[in-house]
Amino acid sequence: MKHLAQLLLLFTILSFPLLAHSQASVRLTIPSRDQNNVSSSKQFIAGRTCIGCKVTINNDSVYVYPTGTFAVKKELPQGKNTFVVTAQDSTGERYTKTITYYYTPAPAPRATTTFKIDFIEIRPSGNLELLEGDTLKIKTKAFPGATASWFNGETLTELPASQSGGVPGYYVGTHIIGPEDSLLNGKITVTLRSRNGETAYLASPNKYRFLRNEKLTTGRTIDNMTYITSTTEGDRLGPNKLGYLDKNVLLQIVGKQGEYYKVRLSSKQNAFIPIPYLDTEIPQEGVPVSIISDAKIWGDDKYDYISVELSDRMPYISTQLNDPGKIIVDVHGAYAEQRINNALQNTQEIAQIAWGQPAPDVFRMMISLKHNVWGYKIYYEGNRLTVRVKRIPKNLALSNMTIAVDPGHGGSNPGATGLTGAIEKNLTLGLSLLLKNALEKEGAKVLITRTSDQFVNNEERLSFYRQVDPDLLMSVHFNSSSNPVDVFGTATYYRQPFCEPFCAAIHKRLLETGLSDFGNNGGFNFILNNPTEFPDALIETLFLSNPGDEAAILDPEFQQLLVQKIVQGVKDYIQSVKR
């Protein structure tokens with residue numbers, strides 16, 4: 001009890017750094033300035049006052065949470081909108097703050113009125129190195145009713161106004177790079193010609209290079225943290241990752257897009273890899289095609305294994321299916337000429353192996369399991385590719401398991417900030433320490449990323465947990481939104497399909513706290529959702545940006561309830577696996 005009391009005291013100190021005093025005051029988070037020019041009619045007024053104070057906005061009463069925070073949504077008419085925010089404390093003293101929104105709707109798109117080209121958008125975006133057969137798509141806005149052209153005089157099509165938001169003058173086109181294309185000047189020029197002979201030109205903002213007769217180069221991945229992506233563009237978490245590759249995997253470079261190499265996995269699939277992650281200072285040889293004629297499937301006292309011999313370290317991509325559990329691994333640049341052995345030797349989790357050839361140079365392993373996937377690792381020993389399948393622990397109980405708890409953010413990476421001034425990095429640490437204590441009371445061994453306000457790089461977190469290979473991993477975070485009024489609730493996130501049941505079990509229990517449902521969300525690109533070695537869950541406990549959610553997490557009793565429900569969710573998952 002003494003240890004728990006110390007943890008709760010620490011959490012309280014971390015969580016309540018800037019709670020308001022009793023004297024009348026108003027401190028606004030939204031908006032951040034007194035005078036604001038906006039182009040959207042939907043705006044918010046959110047901030048904090050003294051605890052126990054009353055707040056009005058233009059004499060309308062506003063609900064103030066026990067933490068002293070408030071948030072309201074306003075629908076603005078066009079023009080000047082003035083709001084007087086008044087706080088009154090228990091003595092009758094008042095504090096007034098005035099803010100003004102100048103709302104001017106964004107001008108509607110309209111046709112270009114002078115003979116010119118407004119802009120060019122080419123996809124894929126960025127500076128590119130291209131091969132014959134690569135495809136470029138263009139969209140440009142210019143004076144309507146003219147003739148627009150680009151590569152070798154190819155005419156672009158002007159979209160009907162019905163397909164361009166009612167605005168004429170949008171021209172589109174597609175071009176497949178051919179041997180006649182020079183691209184010698186590095187840029188692509190669009191030419192616009194009017195019916196009376198006027199001409200306008202505009203060059204693309206990016207540069208392009210045609211790898212016409214140059215020998216394609218190869219590179220090798222620098223370590224087992226090297227990832228490949230399906231595109232070079234993405235959200236705040238980066239491009240969509242296809243997976244991680246082991247060290248020294250051979251990749252053929254077939255172009256460059258911005259800060260990424262474009263690589264050929266197999267004849268029908270390309271991918272992208274960050275330029276620093278590929279070592280090109282290697283002897284340049286052709287990429288071999290591996291003929292697979294032998295496979296080994298066996299088990300030892302801890303894991304089951306499947307391995308195949310390749311000519312070189314070729315790239316691979318994996319995914320999973322649930323109910324029943326199945327691991328699917330596609331090895332690119334490989335095929336089988338004959339029937340391959342699929343006899344099992346001492347395996348305890350692998351129920352059956354099937355081989356496939358979804359493309360002429362893609363070899364597929366279909367690994368059927370007795371249970372849903374608990375985790376697996378893909379790696380090379382020499383040129384032999386091995387899939388190591390983790391077995392479900394024989395004695396399924398928290399007391400026999402190693403659980404990883406990852407408090408999000410830390411140090412110079414604070415994360416989100418609530419209206420009270422509570423900071424995500426402090427809240428995640430406090431909640432994670434309580435969770436660690438609760439799991440240890442159940443007998444679990446707990447690994448934790450940090451126990452103080454320390455910065456830990458996300459790549460370091462991922463590398464560490466892939467090495468120590470816990471039974472389960474939970475990363476604790478708090479969500480945030482620019483909308484403090486309408487967006488709230490608890491959520492879990494996963495990327496790998498086999499992690500869905502683990503996240504669902506935790507999410508179901510979190511809803512018992514009374515928090516609103518923000519979903520159990522799949523396909524998420526967070527870095528600690530990417531490993532396949534163990535089930536993982538990103539727990540976005542609640543929205544720190546919402547004053548109601550924030551008030552809940554600043555209540556020590558609610559903190560204890562959250563931890564209790566997370567532990568119950570872990571137990572539920574374990575019981576479901578037993579069944």
Side-chain angles (χ1 to χ4, degrees), residues 224-225 227 237 241 243-244 303 318 320 322 372-378 388-393 396-410 428-429 431-440 442-451 454 456-478 491-507 509-510 520-541 562-563 565-574 576-577:
N224 68 354
M225 291 289 289
Y227 60 84
L237 297 174
K241 295 180 179 64
Y244 286 82
Y303 303 99
S318 73
Q320 323 88 37
N322 290 329
N372 274 347
V373 179
W374 187 266
Y376 61 96
K377 179 180 180 179
I378 306 177
R388 189 187 74 186
V389 179
K390 182 184 285 188
R391 296 173 187 153
I392 293 174
L396 264 180
L398 272 178
S399 57
N400 298 304
M401 299 176 73
T402 298
I403 312 294
V405 176
D406 173 62
H409 305 280
T428 60
L429 177 58
L431 196 65
S432 295
L433 290 173
L434 292 174
L435 180 57
K436 176 178 182 290
N437 182 66
L439 290 168
E440 288 174 340
E442 298 285 344
K445 177 184 178 182
V446 180
L447 305 173
I448 191 164
T449 307
R450 62 186 181 93
T451 57
Q454 173 189 3
V456 184
N457 184 283
N458 277 340
E459 284 73 18
E460 292 176 15
R461 299 177 195 232
L462 176 61
S463 178
F464 172 72
Y465 286 122
R466 289 183 71 194
Q467 289 178 43
V468 298
D469 195 18
D471 292 302
L472 300 169
L473 179 143
M474 292 176 283
S475 186
V476 179
H477 285 249
F478 290 86
T492 46
Y493 296 83
Y494 63 93
R495 177 173 180 79
Q496 306 294 347
F498 82 95
C499 298
E500 190 277 338
F502 180 44
C503 286
I506 295 173
H507 182 65
R509 287 292 187 175
L510 286 172
N520 179 32
N521 307 281
F524 200 60
N525 200 28
F526 177 57
I527 189 167
L528 289 183
N529 285 142
N530 280 298
T532 62
E533 283 85 349
F534 39 77
D536 59 71
L538 168 61
I539 305 172
E540 292 280 3
T541 320
L562 270 180
V563 168
K565 293 302 180 182
I566 292 172
V567 173
Q568 287 179 340
V570 175
K571 288 181 175 179
D572 291 345
Y573 173 65
I574 292 172
S576 71
V577 174

Kindly indicate whether the side chain of [X], heavy atoms from C-beta on, has any atom under 4.5 Å from the side chain of [Y].
| X | Y | value |
| --- | --- | --- |
| Arg509 | Ile566 | no |
| Arg461 | Ile527 | no |
| Tyr493 | Glu540 | yes |
| Leu472 | Met401 | yes |
| Tyr465 | Leu447 | yes |
| Val577 | Trp374 | yes |
| Cys503 | Tyr573 | no |
| Phe524 | Leu538 | yes |

field: With sequence neighbours excluded, residues passing side-chain contact (heavy atoms from CB on, under 4.5 Å) with Glu460
entry: Val456, Asn457

message: So, using side-chain contact (heavy atoms from CB on, under 4.5 Å) as the criterion, who are the partners of Arg391 when residues are at least two apart?
response: Asp304, Gln348, Glu349

query: His477 vs His409 aromatic rings, parallel, tilted or perpendicular, using cut-offs 30° and 60°?
result: perpendicular

- prompt: Is there a donor-acceptor contact under 3.5 Å linking the side chains of Ser463 and Glu459?
  reply: no

message: Looking only at side-chain N and O atoms, does Thr532 offer a donor or acceptor that is under 3.5 Å from a partner on Tyr244?
response: no

task: Apply the side-chain contact (heavy atoms from CB on, under 4.5 Å) test between Val476 and each candidate in Leu562, Thr541, Asp406; give the one that qualifies.
output: Thr541

- request: Test side-chain contact (heavy atoms from CB on, under 4.5 Å) on Val567 and Leu398 and set out the steps.
  value: CA-CA 9 Å; Val567 173; Leu398 272 178; 4.2 Å; yes

Does [Y] offer a backbone N or O that forms a donor-acceptor pair with the side chain of [X] under 3.5 Å?
| X | Y | value |
| --- | --- | --- |
| Glu500 | Gly522 | no |
| Ser399 | Gly443 | no |
| Asn521 | Thr492 | yes |

- request: Mark yes or no: Arg388 above the aromatic ring of Tyr303, with NZ or CZ under 6.0 Å from the six-membered ring centre and no more than 45 degrees from the axis.
  value: yes

Distance from [X] atom [atom1] to [Y] atom [atom2], nearest 0.5 Å?
| X | Y | atom1 | atom2 | answer |
| --- | --- | --- | --- | --- |
| Leu439 | Thr402 | CG | OG1 | 11.5 Å |
| Ile506 | Asp572 | CD1 | CG | 9.5 Å |
| Arg450 | Ser432 | CZ | OG | 7.5 Å |
| Glu442 | Asn400 | CD | CG | 12.0 Å |
| Phe526 | Leu462 | CZ | CG | 9.5 Å |
| Asn322 | Gln496 | CG | CD | 11.0 Å |

- prompt: Is the shortest distance from a Lys or Arg side-chain nitrogen in Asp469 or Lys390 to a carboxylate oxygen in the other one below 4.0 Å?
  reply: yes

Which pair of non-hydrogen atoms, one from [X] and one from [Y], has the smallest distance, and what is that distance?
| X | Y | result |
| --- | --- | --- |
| Pro407 | Val405 | CD-O, 3.4 Å |
| Phe534 | Asp471 | CB-O, 3.8 Å |
| Val389 | Tyr376 | CA-CB, 4.2 Å |

field: Evaluation steps, side-chain contact (heavy atoms from CB on, under 4.5 Å), between Tyr227 and Asn530
entry: CA-CA 10 Å; Tyr227 60 84; Asn530 280 298; over 6 Å; no

message: Considering only residues two or more places apart or on different chains, which pairs with a residue in residues 520-538 satisfy salt bridge (Lys or Arg N to Asp or Glu O under 4.0 Å)?
response: Arg466-Glu533

message: I'd like to know whether NZ of Lys241 has more than 12 heavy-atom contacts from other residues, nucleotides or ligands below 6.0 angstrom.
response: yes

- request: Dump the intermediate steps for side-chain contact (heavy atoms from CB on, under 4.5 Å) on His507 and Ile539, then the final yes or no.
  value: CA-CA 8 Å; His507 182 65; Ile539 305 172; over 6 Å; no

query: Hey, mind stepping through Leu433 and Ile448 against side-chain contact (heavy atoms from CB on, under 4.5 Å) and telling me if it holds?
result: CA-CA 8 Å; Leu433 290 173; Ile448 191 164; 4.0 Å; yes

